[in-house]
2 protein chains.
Amino acid sequence: MVKPIAVRNLHGQVIQELGRLIISGELAPGEGLPREELLAERMNVSRTALREAMKVLSAKGLIESRQKTGTRVRETIHWHQLDADVLAWRCALMPTESFVEKLVEMREIIEPAAAAAAARRRTPEQLEKIKDAYEAMAAAEDLDAWAIADLAFHENVLHATNNELMTSLFSVIETALGTYFVLSASTAANFKYSLPHHQKVFDAIRRRQPEVARKSMLKMVTDSRTNIRRHGRKA
Amino acid sequence: MVKPIAVRNLHGQVIQELGRLIISGELAPGEGLPREELLAERMNVSRTALREAMKVLSAKGLIESRQKTGTRVRETIHWHQLDADVLAWRCALMPTESFVEKLVEMREIIEPAAAAAAARRRTPEQLEKIKDAYEAMAAAEDLDAWAIADLAFHENVLHATNNELMTSLFSVIETALGTYFVLSASTAANFKYSLPHHQKVFDAIRRRQPEVARKSMLKMVTDSRTNIRRHGRKA
DNA sequence: TAACGTAATTAGTATTACAAATAAGCACAT
DNA sequence: ATGTGCTTATTTGTAATACTAATTACGTTA
């Protein structure tokens, strides 16, 4: 759903390169970058392309430019942590256990809340889509089909909240987590183990029972977490 | 804490202008913009400045440029709803009741969760800061002092979660909500009405009681919401 | 010593030229 | 008539250059 980048443009590459340097800490906060002309030359791009990249990095809160002073890396406080790129860079460059925990924590906060909201506000059409996804999960015969249907289930639940802020947050977090492991897919052997959980969530949303939906979803995601902890990362 | 912009740069102005046009719907999704040369001329800026702005808007998921085809406004699905600018534009241009509800819903999801997390993981130093903020609230003699201390309280609680994703989400939502009303400040008469609530939250975090902290905070934010509903907007 | 002005530096803006991608139209062959 | 491949026109992508504006740093002067 969200494209994890495919940098064809030159400034896109520059964004990636500088972004990674900053997130990884090789360019520390407070540190000043070489002046544009020099940096452009050093990266073998024109000043034009470099500047287009720097404007984007500024918008992400990573750098700050001022005349005469030059360009500096900003303190981490100012970084837009929920920006898809920033998150992706952190996942790729600082794959620490604690960061995964933070992502999982966010997921465990929004998903139950989303299930409850969906139970309150879902339209019949949205319920139908959740149902479709659930049935696809039930019918899945291999891990791939399961994973696709599983993601669709959660996306449709989020969508049924009719709160695009929640949808957006979910997709960002989910994408970031996806770089670590295939979500909620346990072992290939019993990959359908969470189907009953999903059914409970679906039923609660169908019956418009917010608190039941919340608790069922909570159980599901905490189960999923312990499962992930048990099996560690994959692929 | 987060700067609501002060656009001195030319491309910054262009970003604002185009961003607003898109968010407001005057430039509808799917619609193509005039080609760069034309648009630049029409906006009385150079193509350089226009392009720098367009790169930023692309990064926000608002537009998409391809050679020969030109630049088009993307579907709202792709907009980065949690981007500070996008949120600010929506607040300014679509001040609908339903959007405020969505923001409030997000707040009511993260704050109790954050209180619980803070109760689990706060350091002594972080607890001290929360205490300071609480005492400043208790000592406040006017609405302004109260509002400042109140914000500091919530910020410090969020910070004590040691999850910068949560902190970032909070600050974005809070800034957006702040454009509508002075948060959780009721009438000037009894502006301290929520002090006992805050104390309960503080105590729970001090005693490391996550569930108590969650419930106390939940009560506080729901109270705050009904209060806001009762009094309507202000300022 | 302090105030003021001047020079030097760096990002900001503009202009121009050309490169690369690609949609659309045309010609050609089947 | 249809589809296939070439050509061309259009639009963004990249580069190079020149100049503007802001601001720091320094040196001069009162």
Side-chain angles (χ1 to χ4, degrees), chain A residues 3 5-19 21-22 27-75 78-79 85, chain B residues 3 5-19 21-22 27-75 78-79 85:
Chain A
K3 62 325 149 68
I5 324 126
V7 188
R8 42 164 81 70
N9 299 334
L10 226 195
H11 56 258
Q13 291 175 247
V14 176
I15 290 172
Q16 295 291 320
E17 197 166 335
L18 289 179
L21 283 173
I22 292 169
L27 289 174
E31 191 170 345
L33 275 61
R35 60 176 223 270
E36 291 179 349
E37 197 179 356
L38 260 178
L39 187 56
E41 187 183 9
R42 198 175 301 179
M43 299 183 80
N44 285 306
V45 297
S46 67
R47 207 185 138 206
T48 311
L50 173 66
R51 278 181 57 83
E52 287 177 0
M54 299 220 298
K55 291 306 132 194
V56 174
L57 294 173
S58 289
K60 294 182 190 302
L62 299 184
I63 61 175
E64 191 178 27
S65 294
R66 278 170 50 191
Q67 287 177 184
K68 173 71 183 180
T69 310
T71 303
R72 314 173 67 81
V73 178
R74 299 186 73 186
E75 300 297 323
H78 300 106
W79 296 359
D85 287 326
Chain B
K3 67 308 148 81
I5 322 124
V7 189
R8 42 166 81 69
N9 299 334
L10 227 194
H11 53 260
Q13 292 176 243
V14 177
I15 291 172
Q16 294 291 319
E17 196 166 337
L18 289 179
L21 283 173
I22 293 169
L27 289 174
E31 191 171 344
L33 275 62
R35 62 175 220 270
E36 291 179 350
E37 197 179 356
L38 259 177
L39 187 54
E41 186 183 9
R42 199 176 300 180
M43 299 182 81
N44 285 306
V45 297
S46 68
R47 208 187 137 202
T48 310
L50 174 65
R51 278 181 57 83
E52 288 177 0
M54 299 219 299
K55 293 306 136 193
V56 173
L57 294 173
S58 289
K60 293 181 190 302
L62 299 184
I63 61 175
E64 192 179 25
S65 293
R66 278 169 53 192
Q67 286 177 185
K68 172 72 183 180
T69 311
T71 304
R72 313 172 68 81
V73 178
R74 298 187 74 185
E75 299 298 322
H78 299 106
W79 295 359
D85 288 326

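Each chain gets a letter, A, B and so on, in the order its sequence line appears, and its residues count up from 1. All heavy atoms count here, side chains included; hydrogens, waters and symmetry mates do not.
- Of all heavy-atom pairs spanning A:L10 and A:A49, the tightest one is CD1-CB, 4.5 Å.
- At whole-Å resolution of the value, CZ in B:R51 and P in D:dT14 are 7 Å apart.
- Every residue meeting the side chain to side chain contact (heavy atoms under 4.5 Å, CB included) condition with B:R35, not counting sequence neighbours, appears here in chain and number order: B:E37, B:L38.
- Checked against side chain to side chain contact (heavy atoms under 4.5 Å, CB included), B:Q67 has no partners two or more places apart in sequence or in another chain.
- Heavy-atom minimum distance, B:A53 versus B:H11: CB-O, 3.7 Å.
- Rounded to an integer number of Å, the gap from B:M54 CE to D:dT11 P is 13 Å.
- Nearest heavy atom pair, residue A:L50 against residue A:A40, reads CD2-N, 3.6 Å.
- Partners of A:T71 by side chain to side chain contact (heavy atoms under 4.5 Å, CB included), not counting sequence neighbours, listed by chain and number: A:L33, A:M54, A:I63, A:S65.
- We find that CD of B:E52 is positioned 13 Å from P of D:dT14, with the value rounded to whole Å.
- B:V73 has its side chain out of reach of B:L21: every pair of non-hydrogen atoms, C-beta onward, lies at least 4.5 Å apart.
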*asked:* Base contacts versus sugar-phosphate-only contacts with protein, heavy atoms under 4.0 Å: please encode nucleotides 16-24 of chain D as B, S and - from 5' to 3'.
replied: B-B--BBBB
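- You can see that DNA chain C meets the heavy atoms of chain B within a 4.0 Å-exclusive cut from C:dG12 to C:dA23, reading 5' to 3'.
- Judged as a side chain to side chain contact (heavy atoms under 4.5 Å, CB included), and not counting sequence neighbours, the contacts of A:E31 are A:L27, A:A28.
- In this model, the phosphate group of D:dG13 is not approached by any side-chain N or O of A:H11 to a distance below 4.0 Å at OP1 or OP2.
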